[in-house]
Amino acid sequence: MNDNDENEEAFTEATLISAIENQIEADDPPAARATCNKLTLVGYPRDEILQMMALVLAQEIGAMLTADRPFDRDGYELALRRLPELPAECGEN
């Protein structure tokens with residue numbers, strides 16, 4: 001991986017985490033705050049929670065672009081509520 005790839009990956013991760021923080025703050029979708037609270041209660045550190053949630057968001061955006069379909073809010077919320085279990089696609093490269 002070259003410096004450009006690393007910079008792009010860091011920018012993407014920061015953007016996704018910012019989006020997750022905005023969702024939690026706005027309580028929209030409600031599953032974002034609920035998931036953050038649940039994972040905090042069972043002992044996950046906030047940075048790890050945000051990373052897991054960002055992976056779910058990235059997976060949904062990727063699926064949306066691949067299938068040329070709208071954002072699946074219900075599917076996204078369901079995947080958030082399933083955390084700390086990650087969607088199968090998140091573990092694949």
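On a predicted model such as this, the values are computed, not experimentally measured, just so you know.
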Point to revise | Pairwise side-chain contact, Gln59 with Leu86, heavy-atom cut-off 4.5 Å (strictly under) | key: no
Check your understanding: How about Ile20 and Ile17: do any of their side-chain heavy atoms sit closer than 4.5 Å?
Key -> no
Exercise for review: Could you check if a side-chain atom of Asp72 sits within less than 4.5 angstrom of a side-chain atom of Met64, using non-hydrogen atoms only?
Suggested key: no
Review point. According to the ring-ring contact (aromatic ring centres under 6.0 Å, His included) rule, which pairs have a member within residues 37-71, sequence neighbours left out?
Key: Phe71-Tyr76
Review point. At what distance, to the nearest 0.5 angstrom, does CD of Glu60 lie from CG of Leu55?
Key: 13.5 Å
Check your understanding: Leu16, Leu65: one ILVMFWY side-chain cluster at the under-4.5 Å cut-off?
Key -> yes
Check your understanding: Distance from Leu78 atom CG to Leu83 atom CG, nearest 0.5 Å?
Key -> 10.5 Å
Check your understanding: Considering all heavy atoms of both residues, which atom of Arg69 and which atom of Ala63 are nearest to each other, and what is their separation?
Key -> NH2-CB, 3.3 Å
Check your understanding: Any side-chain heavy-atom pair from Thr35 and Val56 closer than 4.5 angstrom?
Key -> no
**Study point:** salt bridge (Lys or Arg N to Asp or Glu O under 4.0 Å) involving Asp28 - partner list, sequence neighbours excluded
**Key:** Arg73
Practice item. Give the minimum heavy-atom separation between Ile24 and Ala32, together with the two atoms involved. Key: CG1-O, 3.9 Å
Review point. For the residue pair Arg81 and Pro30, what are the closest heavy atoms and their distance?
Key: NH2-C, 4.3 Å
Review point. Atom OG1 in Thr40, atom CZ in Arg33: separation rounded to 0.5 Å?
Key: 12.0 Å
Practice item. Answer yes or no: are there more than 12 heavy-atom neighbours, outside Glu8 itself, under 6.0 Å from its atom CD? Key: no
**Study point:** Residue pairs passing the side-chain hydrogen bond (donor to acceptor under 3.5 Å, both in side chains) test where at least one lies in residues 11-21, sequence neighbours excluded
**Key:** Glu13-Gln51
**Study point:** hydrophobic_cluster_shared for Val42 and Leu80, side chain cutoff 4.5 Å
**Key:** yes
